[in-house]
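What's counted below: heavy atoms across the whole structure, side chains too, no hydrogens, waters or symmetry copies. Residue numbers start from 1 in every chain, and the chains themselves are labelled A, B, ... in the order their sequence lines are given, proteins ahead of strands.
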2 protein chains.
Amino acid sequence: MIKLSKKIEYGILALQYIAVHSDKIVSAKEISEQMGIPYEFLSKTLQQLMKKGLIVSQHGIKGGYILGKNANDMTVKDIIIALEGKASFLDCFVSSNGLICDRSPNCTIKDPMEKLQSKVMQVFNTTTIAEIATI
Amino acid sequence: MIKLSKKIEYGILALQYIAVHSDKIVSAKEISEQMGIPYEFLSKTLQQLMKKGLIVSQHGIKGGYILGKNANDMTVKDIIIALEGKASFLDCFVSSNGLICDRSPNCTIKDPMEKLQSKVMQVFNTTTIAEIATI
DNA sequence: TTAATATCCGACTATTGTAATCCGATTTTA
DNA sequence: TAAAATCGGATTACAATAGTCGGATATTAA
Ligand code: FES
Ligand code: FES
């Protein structure tokens, strides 16, 4: 299905929440309760975003998260890459030589599909958290 | 993952093949062998495309498939809808009232996400089989 | 210094969706 | 009437997603 995973959905919700409440540090618990996201799963997701630098964490009591970079420079594509490692329509496209499936290198859809993908990726790459946060 | 399913991949490959060989009737077996797609699975996929009118079938020996409408009027979105029933980023977006999840109706990402989705769908909806077939 | 509250991390489980297969019926042509 | 094709339901196998559990570590405040 051409559907965004729950992890991506939660990630966007969380980043939006952190962006909107940028005056303070926000805990996973607070986001979980306010947005109705399973706490444990959200924690994992936030840790992934932290590892990729999208957010910065603060340990201990009174701890939590703040944005790791400007919301204007944080795109939906960044979030997908941070949480799923890649953003590719077909498996073939991941490898550099494109020789994963037995159809290549004489594949008849590779070029047009890559073109389609790059158009979609451009949409993802030009939609920022700042844009999503300011409704 | 933001990945197209094998069914969609096979569907596009098959429609492209049928479009390219529009001078004759093409059997599932031929597509299966030429494109390296599991025969049974492909058959199911072609039957779905047939039900939605994207292709027209011919029973019996010397039977097979031809396009059901002009390749210029057949978009990637049509194919996704035909094979997966919908093309939606979040489950919430499917229902008309948008009241599936407990976040709505006060959801903070619904509007911006729908906007993002419509941009992506426009890409899918302006990419045709004709475009994919003529590399 | 210690209790409370938070992030961190690996492993595990449950559920769902995808991909593929099996078997038989029906239709058409040679 | 046999061969070759589409049809269609049911079933299975596998993979990805979604969620949970238990415990370690860090920080702050009492
Ligand atoms: S290279 Fe794998 S489907 Fe085209
Ligand atoms: S309405 Fe469900 S996530 Fe927004």
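- Regarding A/L49, its CG atom lies at a distance of 14 Å from the C1' atom of C/dT7, rounded to whole Å.
- Between A/K51 and B/L42, the one whose closest nucleotide on DNA chain C sits nearer the 5' end is A/K51.
- Counting all heavy atoms, side chain and backbone alike, B/L83 lies closest to B/K7 at CD1-O, 3.5 Å.
- B/I31 has its CD1 atom 19 Å from the P atom of D/dA4, to the nearest Å.
- Atom CD in A/Q47 sits about 9 Å away from atom P in C/dG10, given to the nearest Å.
- In this structure, CG of A/L46 is placed 12 Å from C1' of C/dC8, rounded to the nearest angstrom.
- In B/K69, the NZ atom is crowded: over 12 heavy atoms of neighbouring residues, nucleotides or ligands sit closer than 6.0 Å.
- Phosphate contact (OP1/OP2 of D/dC7, side-chain N/O of B/S57, threshold under 4.0 Å): present.
- Neither A/L13 nor A/V20 shares a network with the other; the hydrophobic side chains, linked directly or stepwise wherever heavy atoms of I, L, V, M, F, W or Y lie under 4.5 Å apart, form separate groups for each.
- Side-chain N/O atoms of B/Y10 include one lying less than 4.0 angstrom from OP1 or OP2 on C/dA20.
- With no hydrogens or angles considered, no side-chain donor-acceptor pair links B/N72 and B/T128 at under 3.5 Å.
- Distances from the side chain of A/K29 to the nucleotides D/dC7, C/dA6, C/dC8 place C/dA6 closest.
- Atoms CD1 (B/I25) and C1' (C/dT29) sit 12 Å apart, rounded to a whole Å.
- Note: A/Y10 and A/F41 have perpendicular aromatic rings, judged against thresholds of 30 and 60 degrees for the angle between ring planes.
- If you take CD of B/E9 and P of C/dT18, they are 14 Å apart, rounded to a whole angstrom.
- For B/K6, whose side chain is taken as the heavy atoms from C-beta onward, the closest listed nucleotide among C/dC9, C/dA19, C/dA6 is C/dA19.
- Rounded to 10°, the angle separating the first-five-pair axis and the last-five-pair axis of the helix from C/dT1-D/dA30 to C/dA30-D/dT1 equals 10°.
- In this structure, CD1 on A/I79 lies 11.5 Å from OG1 on A/T45, to the nearest 0.5 angstrom.
- Computed from coordinates, the B/E33 CD to D/dA4 C1' distance equals 13 Å when rounded to whole Å.
- With A/Q117 contributing its side chain and A/S88 its backbone, the two residues share no donor-acceptor pair below 3.5 Å.
- Hydrophobic clustering of Ile, Leu, Val, Met, Phe, Trp and Tyr side chains at less than 4.5 Å, counting indirect connections, unites A/V26 with A/M35.
- At whole-Å resolution of the value, CD1 in A/I2 and P in D/dT17 are 13 Å apart.
- Judged purely by distance below 3.5 Å, without hydrogens or angles, the side chains of B/K77 and B/Q122 never pair a donor atom with an acceptor atom.
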*Base-contact (B) and sugar-phosphate-only (S) positions in nucleotides 20-30 of chain D, heavy-atom cut-off under 4.0 Å, - elsewhere*: BB----BBB--
